[in-house]
Undergrad: 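Starting off with a structure, shown below.
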Amino acid sequence: MIRSLQVADHCIGCGTCEKICPSNFRVQGKAKVISTDFSHEKEILEAERNCPVMAIAAESTEIKEEKKYPLSLAQKTFLTADVVELVFEAPELSFVPGQFVTIFFSDHQGAFSRSYSIVRLREKMLVLCVKFQKDGRGAEYFRNMQKGDRLECSDAKGTFQLQHTQSEKVFVATGTGIAPLVAMMESCPEEIQKTVIFGVRSEEDIFYSDLLVRFPNTKVLLPLSNPPENWKGKKGRVTEYLSEIAPTSEVYICGNSAMISSVLQVLHNVGHPKNLIFHESFVATGEAIPKQGQKLPLILTILPWMQKTLLLVALCVPLVWFFPAKWNLLWDISWWSVVILMLLRPLSEVFPKLVFLKHLIPLRKGLGILSASVVTVTAIYTYVPHLDLFFSTYFSLYYWSISNYNFFAHLGELTGIVLLLTSNVWSQKVLGRSWKKIQRLSYVYFITGGIYEYHLGKPFVLSSMIIVGIIWGIAQCAKWKPLFQKI
């Protein structure tokens, strides 16, 4: 029976305890004990075992000693100047990808312990990835260890685990937070699409890049927050590349608490489903605990309102259609919406230093819905009251003739309707990986709609299409030769 329950000041607010035992824990910045009813003993003890920084202390009337497993150092390899990969012989240990182990040490100051995520546990060999922090006791112990030296560790712990679904996976990490994500990727089926966003400070801090690119169906992004002038790869922080995440993707995040907080805030602002986000934060030995709730750029604060405004305008389209004098205005709004949609991503690639462009990319969905809603409402108001007109139009070779431009009008109409009908979470879940392919119809929608609009006597349509084509072409060049990164 549990007599008392406490949370230490060094809690990092990772949320593991609340996830396991919400009856007794609540995380608001840091974890707090919210109930003295300790009847959920099993869950409380599970939360204590799974705390990554061992901040939970449950005093029980029954003393149980934690089982420890022997380890023997087999290999020590420096991946960078301060990151080392340690390989231990671990004959009795087992784990689930994403979990960590607690290592038990003893030095001249006495006994202590540290927790480390597992990179790999295969053929009775345990692999850890550790950053040597200044004045860190665990790091100093590992620094002096030689091949054959022995330690002990706990059972593998943690609820940060890979979900066994066919959904696309996105892995976001900084520093040694990549360790549990490597374990997850190694156990992830090859056919599943994966994206890795792995941020480090400088070029000298990059490690595991060769390993990451070998995973099949995996896109790897390695942004540097402090790159050298001649660096031709990605620049900035991981939060600047979250536009790579599709609404149906599972997102796995691991790193320091400040990064976790920022990424969660961005995902919340763009409406990413909470049940598809999994994270584990940690604080390395000797590292100050970062403050929760970092101040976000203004654009990320107002982004949800911009998205809601676009959807609200799209909902009002059927009402505006009752005012014939405003029809031309509707068509102009529809066209410029799709032009902006087509420009956002290539502009962010051409001008990577203009970070706000990357943050605007999630608006593409709202812009697409707004544009397609005009086309769809037009089709409904035109054909539903006159079904004979629908059949004579869509089942007549004359009206599909390229020579009179009707072909482009009808193809744009059809693609607009398909795009609108699939712009929802339900369609994304049902269609799975095919959903992204269907969204490529936006190119067809843009081109066919532009050709028909130009045919109707709107010369600005042609010039805007040319501008989009030029920016898109420059963006393709910028991917392999970043000519504009100094702008």
Undergrad: To the nearest 0.5 angstrom, please state how far the CG atom of Leu367 sits from the OG atom of Ser334.
TA: 10.5 Å

Undergrad: Taking all non-hydrogen atoms of both residues, which atom of Val350 and which atom of Ile471 are closest, and how far apart?
TA: CG2-O, 3.9 Å

Undergrad: For a quick check under 3.5 Å, do Glu250 and Thr165 share a side-chain donor-acceptor pair by atom type?
TA: yes

Undergrad: Taking the side chain as every heavy atom from C-beta outward, state whether Val83 and Val130 have any pair of such atoms under 4.5 Å apart.
TA: no

Undergrad: Does the plane of the ring in Trp336 sit parallel, tilted or perpendicular to the ring in Phe460? Use 30° and 60° as the thresholds.
TA: parallel

Undergrad: Give the intermediate values and the outcome of side chain to side chain contact (heavy atoms under 4.5 Å, CB included) for residues His279 and Leu264.
TA: CA-CA 9 Å; His279 62 91; Leu264 290 177; 3.8 Å; yes

Undergrad: Given side chains that start at C-beta, do those of Gln307 and Leu311 come closer than 4.5 Å, heavy atoms only?
TA: no

Undergrad: Drop me the distance from Glu43's CD to Ser23's OG, to the nearest 0.5 angstrom.
TA: 7.5 Å

Undergrad: What's the verdict on side chain to side chain contact (heavy atoms under 4.5 Å, CB included) for Phe215 and Glu186, showing C-alpha distance, side-chain angles and the deciding distance?
TA: CA-CA 8 Å; Phe215 288 117; Glu186 289 192 340; 3.5 Å; yes

Undergrad: Give the minimum heavy-atom separation between Val317 and Val374, together with the two atoms involved.
TA: CG1-CA, 4.0 Å

Undergrad: After noting the C-alpha distance and the side-chain angles of Ile206 and Leu224, does the key distance pass the side chain to side chain contact (heavy atoms under 4.5 Å, CB included) rule?
TA: CA-CA 9 Å; Ile206 296 175; Leu224 303 187; 3.9 Å; yes

Undergrad: Ignoring hydrogens and geometry, is there a side-chain-to-backbone donor-acceptor pair from Arg364 to Leu341 under 3.5 Å?
TA: yes

Undergrad: Is there side-chain contact between Leu212 and Met185, with at least one heavy-atom pair below 4.5 Å?
TA: yes

Undergrad: Would a 4.5 Å heavy-atom cut-off, applied to side chains only, mark Gln439 and Thr422 as touching?
TA: yes

Undergrad: Roughly how far apart are Ile340 CD1 and Met342 CE, rounded to 0.5 Å?
TA: 13.0 Å

Undergrad: Any chance you could lay out the side chain to side chain contact (heavy atoms under 4.5 Å, CB included) test for Cys17 and Val27, step after step, and finish with the verdict?
TA: CA-CA 8 Å; Cys17 56; Val27 177; 4.1 Å; yes

Undergrad: What's the separation between atom OG1 in Thr415 and atom CZ in Phe446, rounded to the nearest 0.5 Å?
TA: 12.5 Å

Undergrad: Are any side-chain N or O atoms of Asn217 and backbone N or O atoms of Glu190, one a donor and one an acceptor, separated by less than 3.5 Å?
TA: yes

Undergrad: With a 3.5 Å distance limit and no angle check, can you tell me whether Lys32 reaches the backbone of Val7 through a side-chain donor-acceptor pair?
TA: no

Undergrad: Distance-only, no hydrogens or angles: does the Gln193 side chain make a donor-acceptor pair with backbone N or O of Glu191 under 3.5 Å?
TA: no

Undergrad: Can you name the nearest heavy-atom pair linking Asn256 to Met259, along with the distance?
TA: OD1-N, 2.9 Å

Undergrad: Which heavy atom of Ala156 sits nearest to which heavy atom of Phe95, and what is that distance?
TA: CB-CB, 3.5 Å

Undergrad: Please examine the side chains of Cys129 and Phe207, heavy atoms only from C-beta on, and report whether any two atoms are closer than 4.5 Å.
TA: yes

Undergrad: How close do His272 and Ser249 get, heavy atom to heavy atom, and via which atoms?
TA: NE2-O, 2.9 Å

Undergrad: Check for a donor-acceptor pair, side chain of Ser373 on one end and backbone N or O of Leu370 on the other, with a separation under 3.5 Å.
TA: yes

Undergrad: Can the ring centres of Tyr241 and Phe198 be said to be less than 6.0 Å apart?
TA: no

Undergrad: Kindly indicate whether the side chain of Val170, heavy atoms from C-beta on, has any atom under 4.5 Å from the side chain of Tyr252.
TA: no

Undergrad: Test your reading of the model: is there a side-chain donor-acceptor pair from Lys194 to the backbone of Pro216, 3.5 Å cut-off?
TA: yes

Undergrad: Any idea which heavy atoms bring Gln99 and Lys157 closest together, and the distance?
TA: CB-O, 2.9 Å

Undergrad: Is there a side-chain contact between Val375 and Trp331, using heavy atoms and a 4.5 Å cut-off?
TA: yes

Undergrad: I want to check something: taking the side chain as every heavy atom from C-beta on, are Leu242 and Val270 in contact at a cut-off of under 4.5 Å?
TA: no

Undergrad: Quick one: pull up OG1 in Thr248 and CD in Glu168 and give me the separation to the nearest 0.5 Å.
TA: 6.5 Å

Undergrad: Roughly how far, to the nearest 0.5 Å, is the CD1 atom of Ile333 from the CH2 atom of Trp335?
TA: 15.0 Å

